[in-house]
Amino acid sequence: MKSDEIMDVALRRGFIFPSSEIYGGFSGFYDYGHLGTLMRRKWEDAWRKHYLRLNSNFFEIDATNIMPKNVFVGSGHIENFNDPLTECGKCHSRFRADHLIEEFLERSAEGMATDEMSKLLKENSIPCPKCGGQLLDVKMFNMMFEISVGSTGESEVAYLRPETAQGAFLTFKRSFNTLRGKLPMGLAIVGRAYRNEISPRQGFYRLREFNQAELQIFFDPDTIEDHPNFDSIKDVKLRMFPLQNRSTGEVDDITASDLNKNYGIPKFYIYHLAKIQEFYLDKMKFPRELFRFRELSADERAFYNKIHWDVEVYTESLGGYKEMGGLHYRTDHDLGGHQNASGEKLDVNIEGKKFIPHVLELSFGVDRNFWTLLDVFYKDEGDRKVISLPKVVAPFRAGIFPLQKKGDLEKVAKNVYDSLSECYDVFYDDSGSIGRRYRRQDEIGTPFGVTIDFQTLEDNTVTIRERDSMDQHRVKIEDIWKNI
RNA sequence: GCGACUGUAGUCUAGUGGUUAGGACUGGAGCUUCCCAAGCUUCAAGCGCGGGUUCGAAUCCCGCCAGUCGCACCA
């Protein structure tokens with residue numbers, strides 16, 4: 001199994017570890033080791049570089065992970081993240097209690113207390129839809145982690161954020177003012193989010209504590225049909241998997257302008273699809289055929305998302321195309337919801353025009369992207385294992401090797417290491433044969449090896465060895481940086 | 001959360017009531033002027049956790065934790 005092989009490398013070399021492992025582990029939680037931390041940071045930096053540069057009015061902010069209950073009343077999470085569940089006493093299947101009541105009694109169960117639902121189930125002898133057995137008491141299952149803030153007694157109910165996005169909506173008013181009232185405005189947050197998954201399967205794919213990179217773009221809905229830079233991407237062929245292709249599984253290459261003309265998707269949305277694809281194909285170097293945008297059906301997407309395509313990458317270890325992120329046109333759902341719940345005016349007034357800005361959300365799961373990079377670029381070539389990570393995300397840019405551990409070689413190698421360390425993460429290794437040291441670096445994705453040998457002492461040149469081709473060439477020490 | 005199966009160094013694995021728990025790979029130190037996993041010497045590292053049965057438990061029983069699969073869940 002490929003996921004075992006990747007997990008093997010990840011554990012052995014220090015990408016990720018099960019959390020709290022010496023106490024038996026903790027399902028749905030993982031720690032990042034030294035390589036994983038380097039690599040994730042690089043992915044995040046590449047993400048920042050790519051998306052924040054789309055517009056000079058896009059910035060990163062940082063918000064708290066803990067927020068009071070009312071925030072999630074306003075966001076809708078209290079209502080939508082809180083499912084009343086009942087379990088069959090006989091076959092142990094679980095069902096949404098409110099759905100059963102609505103179905104059997106044909107009455108709304110909205111806002112109904114759990115006690116009342118339990119009573120209704122019992123009084124009307126609503127049976128288990130699967131085996132006819134008796135249903136047990138209704139319990140709320142909340143996907144959010146609830147915590148209490150403050151000393152016991154007067155503590156306030158709060159939650160760990162289930163997505164980073166809310167921070168951008170909550171600071172919208174201040175951010176908009178400090179950025180001097182211009183739209184579009186982008187607020188990015190890269191950070192942790194928490195969801196109390198019932199059963200976090202699939203190893204590293206569904207976590208209870210995870211990292212997100214999200215960009216909320218606030219804009220005037222009247223401008224959605226255009227984007228000032230649309231012409232720059234109008235001929236780009238996008239990898240689209242629309243609903244009507246579900247049965248065939250085929251991905252269509254559709255140019256940006258055709259998407260606009262024939263599919264009626266607004267240019268503002270398409271522009272960002274193109275930039276997302278650029279990130280995956282040009283920056284992350286994923287093979288084109290592994291990438292697609294998947295259109296979600298009305299059932300699959302949240303009611304407030306007017307347009308929603310997921311970003312998917314074919315990930316062998318996870319068994320197919322997997323969601324890496326999504327592009328969500330959320331309209332004024334977020335700011336409108338918070339305006340209603342908080343009583344705070346969140347509309348803007350631009351040259352006499354008053355409106356609540358709409359939101360286009362670019363949302364990515366960092367950990368999933370991290371895992372998928374390992375998956376896509378890992379190869380077992382028989383006599384060596386190699387992860388052909390693109391330079392921008394490889395934990396180390398180069399390994400520095402003195403051919404032998406002899407006085408002068410070591411001294412020169414240390415100097416090379418020190419000077420390259422100024423701009424790159426580099427790794428120094430003087431133990432084992434030179435071949436073994438190359439292989440060690442291949443396995444963690446280091447693109448280059450720099451070897452200091454006896455010739456170096458004569459003419460100041462070193463060997464640069466390239467990871468994927470294993471080719472070597474000599475360059476002067478002062479030219480190394482140009483060659484890696 | 002339910003059911004089935006599973007858990008021996010970092011990895012793979014031998015061991016079915018009495019073993020100094022064995023091996024391979026990996027890792028560390030050293031030898032070899034060493035450019036693609038050579039070899040030699042040497043060191044380190046393990047029975048998931050907790051109870052119970054027994055004179056004695058990696059081995060049998062129970063609970064927990066974790067993993068895989070199925071069901072449910074995935075706003």
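Below, chain A is the first sequence line, B the second, and so on; all start at residue 1.
The nucleotide whose nearest atom lies closest to any side-chain atom of A/Met470 is, among B/C34, B/C36, B/G10, B/C36. In the set B/C35, B/A37, B/A75, the nucleotide with an atom closest to the side chain of A/Arg474 is B/C35. Which of B/A29, B/U11, B/C35 sits closest to the side chain of A/Asp8 comes down to B/U11. The side chain of A/His77 lies closest to B/A75 when the candidates are B/A75, B/C35, B/G28.
Listed pair A/Lys405 / B/G30 meets the phosphate criterion, a side-chain N or O lying under 4.0 Å from OP1 or OP2. Taking 4.0 angstrom as the limit, A/Arg440 places a side-chain polar atom (N or O) nearer than this to OP1 or OP2 of B/G28. Distances shown here put every side-chain N or O of A/Ser433 at or beyond 4.0 Å from the OP1 or OP2 atom of B/C36. A/Arg436 has a side-chain polar atom (N or O) that falls below the 4.0 Å cut-off from OP1 or OP2 of B/A38. Dashed line: the shortest gap from a side-chain N or O of A/Ser27 to OP1 or OP2 of B/C65 is not under 4.0 Å.
With contacts defined as side-chain heavy-atom distances shorter than 4.5 Å, the pair A/Leu335/A/Pro357 qualifies.
Taking only distance into account, the side chain of A/Gln472 meets the base of B/C35 through a donor-acceptor pair shorter than 3.5 Å. A donor-acceptor contact under 3.5 Å links the side chain of A/Arg206 to the base of B/C73.
For the pair A/Asp471 CG and B/C35 P, the computed distance is 17 Å after rounding to whole Å. For A/Asp429 and B/G28, the CG to P distance is 7 Å, given to the nearest whole Å. Atom CG in A/Leu409 sits about 8 Å away from atom C1' in B/U33, given to the nearest Å. Separating the CZ atom of A/Arg465 from the P atom of B/C36 is a distance of 10 Å, rounded to the nearest angstrom. Separating the CZ atom of A/Arg12 from the C1' atom of B/A9 is a distance of 14 Å, rounded to the nearest angstrom. Between A/Leu296 atom CG and B/C74 atom C1' the separation is 13 Å, expressed in whole Å. In this structure, A/Leu457 places its CG atom 15 Å from P of B/C34, rounding to the nearest Å. For the pair A/Arg439 CZ and B/C36 P, the interatomic distance rounds to 9 Å; values are reported in whole Å.
When both distances must be under 3.5 Å, the Watson-Crick or G-U wobble mate of B/G18 is B/C55. The pairing partner recorded for B/C5 is B/G67, the criterion being a Watson-Crick or G-U wobble arrangement whose two distances lie under 3.5 angstrom. Across all strands shown, B/U41 forms a Watson-Crick or G-U wobble pair, both distances under 3.5 Å, with B/A29. With both pairing distances under 3.5 Å, B/C34 is matched to nothing as a Watson-Crick or G-U wobble pair.
For B/C34, the O4'-C1' to base torsion is within 90° of 0; the nucleotide is therefore syn.
Within a 6.0 Å sphere centred on NZ of A/Lys379, heavy atoms belonging to other residues, nucleotides or ligands number more than 12.
A salt bridge between A/Glu209 and A/Arg192 is present, with a side-chain N of the basic residue lying under 4.0 Å from a carboxylate O of the acidic one. A/Asp442 has a carboxylate O that lies under 4.0 Å from a charged side-chain N of A/Arg384, or vice versa, which qualifies the two as a salt bridge.
Within 4.0 Å of A/Gly76, counting heavy atoms only, lies no atom of the nucleic acid at all. The residue A/Asp453 sits close to a base: some heavy atom pair falls under 4.0 Å.
Of the C1' atoms belonging to B/A29 and B/G23, the separation is 23 Å, rounded to the nearest Å. Here the separation of B/U19 from B/G56, taken at their P atoms, is 14 Å to the nearest Å.
A donor atom on one side chain and an acceptor atom on the other are not found under 3.5 Å apart for A/Tyr321 and A/Thr315.
For A/Pro402 against A/Asp429, the heavy-atom pair with the smallest separation is CD-O, 3.6 Å.
Classification of the A/Phe364-A/Phe279 ring pair by plane angle, with boundaries at 30° and 60°, yields tilted.
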